[in-house]
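To start, the structure itself, in structure tokens.
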Amino acid sequence: MIKSVCGYCGVGCGLEYEEHKLIGDVTYPVNEGSVCSKGVSELVSMQTDTRLLRPMMRDTIYNDYSIVAWDDTLGIIADALKKAPPEKVGFYLSGQMLTEDYYVANKLGKGFLGTANVDTNSRTCMSSAVVAYKKALGADFVPLRMDDIFDTDLLILAGANTAEAHVVFHNSIKKAKKRGLKVVVIDPRMTETAKIADLYLPITPGSDIDFFNLVSKRIIDEGCYDASFVQEKVNHFETLRNKFKRMPVTKMLKRTGLTQEAFDAFFTLFKNSENIISAWTMGLNQSVQGVDKNLALINLHLLTGKIFKKGNGPLSLTGQPNAMGGREVGGLSTMLAVHFDFSEESVAKVGEFWQSDRIATAPGLTATQMLEADLQVLIICHTDPIYHLPNRNKMEELIKKIPLVVEINAYENSETSKFAHIRLPAAPWGEKEGTQTNLDRAITRQERLTRRSIDCKPDWQIFALIAQKLGYGKHFDYKTPKEIFDEYKAMTRLNPYMDIYRADYDALRNSSYVWGEEIRDFLTPDRKGNLFYVENRLLSERRSLEYPFLLLTGRTRDQWHSGTKTNLPHTLLKYKPLNFCEIHEEDAKALGIEEGDTVKVISRRGNLITTATITKNIRPKTLFIPVSNRDINYLTNDLYDRESLEPDYNHSAVKIVKLGEEA
Ligand SMILES: Nc1nc2c(c(=O)[nH]1)N[C@H]1C(S)=C(S)[C@@H](COP(=O)(O)OP(=O)(O)OC[C@H]3O[C@@H](n4cnc5c(=O)[nH]c(N)nc54)[C@H](O)[C@@H]3O)O[C@H]1N2
Ligand SMILES: Nc1nc2c(c(=O)[nH]1)N[C@H]1C(S)=C(S)[C@@H](COP(=O)(O)OP(=O)(O)OC[C@H]3O[C@@H](n4cnc5c(=O)[nH]c(N)nc54)[C@H](O)[C@@H]3O)O[C@H]1N2
Ligand code: SF4
Ligand SMILES: [Mo]
């Protein structure tokens, strides 16, 4: 029997493979045998005719690709890297890469090419949570586990649609509800998740800071904060209290769009719950104030001391299967390695460990900055930036200016492939092995299930081959992922709180290793949590007479982003279509739009064609289009959070018209 782990979402369900059948691993604590439709279809997605099977190259993006030999392409890439100054090279990685892939790419970029322009699509996903955790708790550390929901009284889900995005965790929530758990869902849409809520708050998009500040203020005003915890363990309480005195309470509640009764109902539930977990995803992170939204929520836990004890704490729900592993390795351009920044001390330690004197010494470009930086060489791995970056028309123009774009992908039909010069075929999920860290710190190993397609190589090996061509062979002479994991785990010893060095690669086959289980305190220098006063600065794009709707974007259960692995003729489940646009029935009526009408949605930047779905489950003057519509980012705006540089995907002003009535 072969054991593996699902390569889709951050829940990280254990899988078993026997006699050509893939099923959930009953012995694996996260999922105890259950899986969702994506997990069980991992095998099918490897067997499509849209796999990329050979290295390909072309002189310009206006020519066709031709098949080339690995060695020739690697030589061309190495030559271009040698000629380019380090600051003109970028690696665009992905939270779907395995830890070993990430480690090798990061080591090559930051350790030997001397560029910190090594970033990942996690920038568009979790980076707001990363920054907020660091500011409030002292490190990018998730201070609780998913199964804490069985020991809590109240679960607050803010901007998270677990029913579609973290399916197996959602099933656990339903189980915990049977044992008395209360659930609050805060989302502008009545999602599948909201349907199981004890209290559903249909918040106005972008007003979460107002809401959480109102809750914090009330906690202080009513004296229901934990005075001794605040005294001993928390900074900036007085500042917060003073700032709250001048808050425009009525105006803020109005901005949330919630009634006083709804707010009071929430507060009563909050006040009467001894143990509280809050969990959030893109509804908070993807915002022009994503970090502030996170901080406003984390404040609730710091004020009430509901953190670092069973059944309590702020639980950021990581989206991708190994976004956590990537963060641990140092895959963000704002980190060097093993959670280190670029301090002189960190650079010296890392330089000594990697035996290199070419270590990057300052943060590099973020994924959201790379296309704007006049790069000479851009290597993209396991992600599709032209599909996923905001303001796509602009991004398409920018990527065309980069002289060498290399795409490493297991499939041939990404949007980015239209703009690449070289494409390298990666071995997908079941054809490779390695480790990943799920959303609550469990490191699990996936084993190879099937024979590797002849010309495909695992991502780590592709980066190692490039390094070898560049003359760094002795530093990248890895034969197996195990060798890489062992080097990486030894490196985690450099960082006192990262106890990943205790993991054993072979033992990970049978059970996962959860790192950080002994951390029971803040990781700030003074071992105290930091409260932050943040306010809603109303920085998102505004609706106008011409663009009167706000566009929300998000997931549906059976599709994975651009759909290279899930939008396949033989697996297409009919749960939800790929392309639709939810509109409130009042708005539809006013515009003469009927169910199933073909409509055009237009923003200041671009447009797309879709099909209207009329519903009561969305706030008026708000639309929802799933990310399975590959054109989604022709509409979205490229405003970013100033600290995390994460896009404000969820808040673009648009209009909607029936096709043929555009005038
Ligand atoms: N089936 C499936 N599952 C996935 C993925 C997938 O592609 N398909 N992708 C994975 C990845 S990478 C990620 S990051 C996660 C994402 O997981 P989620 O974030 O749970 O998924 P989304 O559908 O983006 O949901 C975001 C929710 O935020 C709400 N929202 C929008 N604006 C606001 C706001 O201002 N305030 C509040 N409170 N809510 C708001 C939206 O209505 C939406 O319901 O899913 C992971 N799981
Ligand atoms: N409007 C809007 N835009 C968004 C979001 C949103 O909510 N709204 N969400 C953002 C978020 S949170 C995320 S995470 C991103 C996701 O955006 P992407 O990361 O661009 O989306 P995916 O379709 O998951 O892309 C993964 C790519 O990896 C390829 N691949 C599969 N297996 C392998 C392999 O083993 N090796 C290699 N090298 N390649 C492989 C797939 O074919 C695919 O092209 O989108 C972001 N963009
Ligand atoms: S819940 Fe997530 S990890 Fe589990 S099977 Fe579904 S996609 Fe895979
Ligand atoms: Mo994500």
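Whatever order the structure lists ligands and atoms in, that order sets their numbers, starting from 1. Residue numbers count from 1 along this sequence.
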Checklist entry - Hey, does G7 sit under 4.0 Å from ligand 2 if you only count heavy atoms? => result no
Checklist entry - Just which atoms of ligand 2 are under 4.0 Å from any heavy atom in N633? => result 1 (N), 2 (C), 3 (N)
Item to check | Salt-bridge present (K621, D587; N to O < 4.0 Å) | outcome: yes
Checklist entry - With a 4.0 Å cut-off, would you call R604 and E541 a salt bridge? => result yes
Next on the checklist: Show me which atoms of ligand 2 lie under 4.0 Å from any heavy atom of K432.
Outcome noted: 34 (C), 35 (O)
Item to check | Qualifying side chain to side chain donor-acceptor pair (under 3.5 Å) pairs, either residue in residues 202-211, two or more places apart | outcome: D208-K293, D210-R255, D210-N536
Checklist entry - Considering only heavy atoms, which protein residues lie less than 4.0 Å from any atom of ligand 1? => result C9, K38, C125, G159, A160, N161, E164, A165, I186, D187, P188, R189, T191, I203, P205, G206, D208, T281, M282, G283, K293, G319, Q320, L552, G554, R555, T556, R557, Q559, W560, H561, N650, H651
Checklist outcome for this item: Counting from 1 in the order shown, the ligand 2 atoms closer than 4.0 Å to a non-hydrogen atom of T636 are 1 (N)
Checklist entry - Which ligand 2 atoms are under 4.0 Å away from a heavy-atom of I408? => result 37 (C), 38 (N), 39 (N)
Checklist entry - A426 heavy atoms, cut-off 4.0 Å: which ligand 2 atoms fall inside? => result 36 (N), 37 (C), 38 (N)
Checklist entry - Can you tell me if M97 has a non-hydrogen atom under 4.0 Å from ligand 2? => result no
Next on the checklist: Holding to side-chain hydrogen bond (donor to acceptor under 3.5 Å, both in side chains), I want the full list of residues that pass it with D119, two or more places apart in sequence or in another chain.
Outcome noted: R123, S333
Checklist outcome for this item: Across all chains, not counting sequence neighbours, the salt bridge (Lys or Arg N to Asp or Glu O under 4.0 Å) partners of R392 are E396, E415
Checklist entry - Would you call the rings of F211 and F263 parallel, tilted or perpendicular if under 30° counts as parallel and over 60° as perpendicular? => result perpendicular
Item to check | ligand 2 to N409 polar contact by distance, N or O atoms, under 3.5 Å | outcome: yes
Checklist entry - What class does the angle between the rings of F580 and F624 fall in, given that below 30° is parallel, 30 to 60° is tilted and above 60° is perpendicular? => result tilted
